[in-house]
Amino acid sequence: MKTTVENSQVVMEHGAGLIKRHRRRVLTFSLLFGLLFAGILASVSIGQFHISVSEVYYGILDYFGWTSTEVDPMVTATLWNIRLPRVFLGILVGAALAVSGAIMQAIFANPLAEPGIIGVSSGAAVGAAITIVFAPYALAGFAVPVAAFVTGLLTSFLVYLLSLSAGKTEPLTLVLTGIAVTAVAGAVTSVATYLAPMVARDQIVFWQMGSLNGASWMQVKVVGLVVLVGLVLSLIIASRLDILALGDQAAGHIGINVQLLRTVAIVIVSLLTAAAVAYAGVIAFVGLIVPHVLRLAIGPVNKYLIPASLFGGALLLTISDLLARNLIAFADLPIGIFTALIGGPLFFVLLRSNLRGIRKVA
């Protein structure tokens with residue numbers, strides 16, 4: 001009789017825990033949706049040329065010819081040629097980096113992992129720097145993003161190949177190889193920066209800080225296509241990534257091809273990160289801080305964490321870009337400054353709180 005009562009209490013506590021987690025997930029997603037919508041609205045409204053909320057509404061309708069209300073042509077042009085492409089590019093870049101971070105943290109079973117581990121960002125910086133110095137106007141002006149995308153992918157694949165041993169790669173070996181290749185890539189970028197004339201040198205430095213300046217619908221389409229493919233693939237493998245938390249051996253016993261799963265995940269991360277940095281440059285902390293914060297809010301289950309990271313990354317980039325455009329009048333600051341200013345202190349607070357929790361348990 002006592003055992004039956006105890007079992008009933010366990011079941012009730014488990015059910016209560018499931019309900020609590022479900023509510024936290026609903027609340028988290030609701031907040032992300034609401035804040036992202038508010039951030040988008042603020043980003044398209046606030047700027048050197050202010051556009052009211054009603055003008056935003058009628059400006060969008062006017063573009064499609066869905067309103068008879070007279071709209072200032074400057075409002076419509078500003079919205080569709082400058083503000084909206086920049087906002088959507090920021091959403092795509094933030095989503096790609098945050099989802100990449102969530103995947104990296106899953107395959108390494110380490111909340112401190114981020115996309116830069118496999119050398120994508122540093123490799124992209126090499127391609128961008130060399131192209132800015134020697135052929136900035138090649139390919140009808142698309143040379144820099146194309147070179148950044150290609151060299152970013154090639155660098156990540158190089159890291160993976162160099163870390164292989166007997167046809168397999170271990171997480172620690174991959175990390176150490178990534179550090180070595182990143183150091184070499186950083187040196188090559190520094191050489192290109194040193195050899196560059198003054199104007200090109202400024203462009204390289206600004207690119208490495210990250211910016212959404214000059215965003216266009218063509219960029220949104222190109223990045224959006226690659227990011228869409230990467231996001232779909234990441235959602236497909238999300239449930240299998242959870243099994244890696246059991247360890248490689250346990251996951252293998254369940255029937256998971258750990259090596260294949262890790263390879264596919266790295267390819268997805270490479271695609272997403274390379275697409276993100278190709279036009280926006282190197283933007284730090286998004287792939288590290290967003291998945292880490294959301295994991296604390298909704299738990300480590302990747303079928304929820306990856307979509308939440310998507311919206312969280314989009315939100316962080318939207319807010320950061322809004323600050324970058326408006327903090328100083330008539331200046332467009334590098335967006336990477338604000339992601340680091342927001343992400344750095346927040347991550348430190350979370351790290352200290354986790355350390356206090358560990359000490360209490362000990």
Side-chain angles (χ1 to χ4, degrees), residues 96-127 148-189 226 230-231 233-234 236-254 256-278 282-292 295 300 302 305-306 309 313 347:
L97 293 175
V99 169
S100 296
I103 295 174
M104 291 297 291
Q105 291 170 16
I107 64 177
F108 284 101
N110 187 337
L112 298 179
E114 55 97 22
I117 286 177
I118 56 175
V120 184
S121 299
S122 58
V126 170
F149 180 78
V150 172
T151 54
L153 287 180
L154 290 177
T155 304
S156 64
F157 292 148
L158 177 63
V159 169
Y160 180 74
L161 291 174
L162 292 176
S163 65
L164 285 175
S165 178
K168 295 182 179 180
T169 180
E170 298 296 330
L172 180 59
T173 306
L174 190 66
V175 171
L176 295 176
T177 305
I179 291 173
V181 172
T182 297
V184 174
V188 174
T189 303
V226 179
L231 293 177
L233 292 175
S234 66
I236 291 174
I237 67 170
S239 59
R240 297 181 183 179
L241 291 174
D242 294 329
I243 302 174
L244 291 180
L246 302 174
D248 289 4
Q249 192 172 18
H253 288 320
I254 295 174
I256 297 295
N257 187 331
V258 176
Q259 190 62 32
L260 177 61
L261 178 59
R262 188 168 284 132
T263 302
V264 171
I266 290 173
V267 170
I268 294 171
V269 169
S270 301
L271 281 172
L272 288 172
T273 308
V277 302
V282 179
I283 300 176
F285 266 103
V286 179
L288 176 62
I289 192 65
V290 172
H292 190 78
R295 186 179 291 104
N302 282 290
L305 181 60
I306 287 177
S309 298
F347 186 73

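Predicted model only: the values in this text are computed from it and were never measured.
- Contact annotation: the side chain of Phe149 approaches that of Leu271 to within less than 4.5 Å [non-hydrogen atoms, C-beta and beyond].
- The backbone N or O of Ile179 sits nowhere less than 3.5 Å from a side-chain atom of Thr182 that would complete a donor-acceptor pair.
- Heavy atoms only, all atoms of each residue included: Ile268 and Leu233 are closest at CD1-CB, 3.5 Å.
- Here the closest heavy-atom approach between residue Thr177 and residue Val159 is recorded as CG2-O, 3.6 Å.
- One distance of note links CG of Leu241 with CD1 of Ile236; it measures 12.0 Å at 0.5 Å rounding.
- In this structure, Ile266 and Leu174 have side chains that are in contact, with non-hydrogen atoms separated by less than 4.5 Å.
- Separation of atoms OH (Tyr160) and OG1 (Thr173) is listed at 12.0 Å; rounding is to 0.5 Å.
- Between atom CG of residue Leu176 and atom CD1 of residue Ile117 there is a gap of 10.5 Å, rounded to the nearest 0.5 Å.
- The shortest non-hydrogen separation linking Thr155 to Gly123 is OG1-CA, 3.1 Å.
- Of the residues Arg295, Glu114, His292, the one that meets the side-chain hydrogen bond (donor to acceptor under 3.5 Å, both in side chains) test with Gln105 is Arg295.
- Taking the side chain as every heavy atom from C-beta outward, Leu261 and Ile243 never approach each other to under 4.5 Å.
- Between Val267 and Phe157, some side-chain heavy-atom pair lies under the 4.5 Å cut-off.
- Between Gln259 and Leu164 the shortest side-chain heavy-atom distance falls below 4.5 Å.
- Looking at Ser270 and Ser156, their side chains do bring a donor and an acceptor atom within 3.5 Å of each other.
- The number of heavy-atom neighbours closer than 6.0 Å to CZ of Arg262, taken from other residues, nucleotides and ligands shown, is above 12.
- Atom CG of Leu97 is separated from atom OG of Ser121 by 7.0 Å, given to the nearest 0.5 angstrom.
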